[in-house]
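A short write-up of the structure that comes next.
Residue numbers count from 1 along this sequence.
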Amino acid sequence: GMEVTVQGCSLTEPLTGSFFGCQNAASVFGAASQCAVDKVDLTILDNVLVGTSMQLEPSEYNSHVVRNNLFFGGWECRQGCPPQRILMLGGSGTLDVRDNIVYGGFGGYYLRADCSQYVAWENNVAIGNAVGYDVRSGCTSLKLLPYRNSAGVTVGTSEISNVVAA
């Protein structure tokens, strides 16, 4: 299969509010018609990303790794801004999510993946968002670290555990 690594990038003033999304591709000359990454092994490592979001929902036989990144919300892009959700995690493949900070967005982390999909979930912090973490389905026992968000955690499940809020 295909592997893609995005490492050591500083992204400011992106064209659209979605790093891999196609919602605005029709209006961008030369944009690829297919830009979904669910069937790609993807590594996002050591980046600073401003005003953009990522929808990481690997298919059953794929893996997405997100480590040591700093995501900022904001009005930095020209189309589809600001992104409503900064980091969306779900799908049916495996996820390795460690040492990330989501700061200043409407929604920080949108968690929809099952617990069994996480190879690792460590030290993922939400700071200064309208909603730090949104859990509507999937794993409800990840260690969530919301600090100074308007709503640290919003939940659409019958239970949640392992939240350390300040």
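Within 6.0 Å of CZ on Arg136 lie more than 12 heavy atoms contributed by other residues, nucleotides or ligands.
Listed for the Thr43 side chain is no donor-acceptor partner under 3.5 Å among the backbone atoms of Thr5. The backbone N or O of Cys9 sits less than 3.5 Å from a side-chain atom of Asn47, completing a donor-acceptor pair. Between the side chain of Asn100 and the backbone N or O of Asn69 there is at least one donor-acceptor pair closer than 3.5 Å. Gln117 places a side-chain N or O within 3.5 Å of a backbone atom of Gly91 that can act as its donor or acceptor partner. No donor-acceptor distance shorter than 3.5 angstrom exists from the side chain of Asn129 to the backbone of Ser150, with no hydrogens or angles considered.
In terms of heavy-atom proximity, Gly73 sits nearest to Val50 at O-CG1, 4.5 Å. Heavy atoms only, all atoms of each residue included: Ser53 and Arg85 are closest at CB-O, 2.8 Å. When all heavy atoms are compared, the tightest approach of Thr94 to Val119 is CB-CG2, 3.8 Å. Pairing each heavy atom of His64 with each of Val37, the nearest pair is NE2-O, 3.0 Å. Scanning both residues, Pro146 and Val164, for their nearest heavy atoms gives CD-O, 3.3 Å. Nearest heavy atom pair, residue Leu87 against residue Leu56, reads CD1-CD1, 3.8 Å.
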| message | Please determine whether side-chain contact (heavy atoms from CB on, under 4.5 Å) holds for the pair Met54 and Phe71, giving the CA-CA distance in whole Å, both sets of side-chain angles, and the decisive distance to 0.1 Å. | response | CA-CA 10 Å; Met54 287 193 182; Phe71 297 89; 4.1 Å; yes
| message | Does Asp114 form a side-chain contact (heavy atoms from CB on, under 4.5 Å) with Cys139? I'd like the steps, not just the answer. | response | CA-CA 5 Å; Asp114 292 331; Cys139 192; 5.8 Å; no
| task | Test side-chain contact (heavy atoms from CB on, under 4.5 Å) on Leu89 and Tyr118 and set out the steps. | result | CA-CA 10 Å; Leu89 302 169; Tyr118 289 98; 4.0 Å; yes
| query | Passes side-chain contact (heavy atoms from CB on, under 4.5 Å), Arg67 versus Asp96? Steps please. | reply | CA-CA 8 Å; Arg67 291 189 194 161; Asp96 182 343; 2.4 Å; yes
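Rounding to the nearest 0.5 angstrom, the gap separating the CG atom in Asn162 from the OG1 atom in Thr140 is 10.0 Å. Here the CG-CD distance, from Asn68 to Gln7, works out to 9.5 Å after rounding to the nearest 0.5 Å. Interatomic distance, Asn149 CG to Ile127 CD1, rounded to the nearest 0.5 Å: 8.0 Å. In this structure, Asp46 CG and Leu70 CG are separated by 11.5 Å, a value rounded to the nearest 0.5 Å.
Ion pair Asp134/Arg112 flagged as a salt bridge, since at least one NZ, NE, NH1 or NH2 atom sits closer than 4.0 Å to an Asp/Glu carboxylate oxygen.
Linking Ile, Leu, Val, Met, Phe, Trp and Tyr residues whenever their side-chain heavy atoms come within less than 4.5 Å leaves Tyr61 and Val65 in two separate clusters. Residues Val155 and Met88 do not share a hydrophobic cluster, defined by chaining ILVMFWY side chains whose heavy atoms lie under 4.5 Å apart. By the rule that hydrophobic residues join a cluster once side-chain heavy atoms approach within less than 4.5 Å of another member, Leu11 and Tyr103 end up as members of one cluster. Follow the hydrophobic side-chain contacts under 4.5 Å out from Val125 and you reach Leu142 in the same cluster. In the hydrophobic clustering of ILVMFWY residues, with side-chain heavy atoms under 4.5 Å counting as a link, Leu49 and Val4 come out together.
Leu145 is listed as a side-chain neighbour of Asn123, based on a closest heavy-atom distance under 4.5 Å. Residues Met2 and Asp41 have side chains not in contact (no heavy-atom distance under 4.5 Å, counting atoms from C-beta outward). Here the side chains of Ser63 and Pro58 are not in contact, with every heavy-atom distance at 4.5 Å or above.
By the 30° and 60° cut-offs, the orientation of the rings of Tyr109 relative to Tyr133 is parallel.
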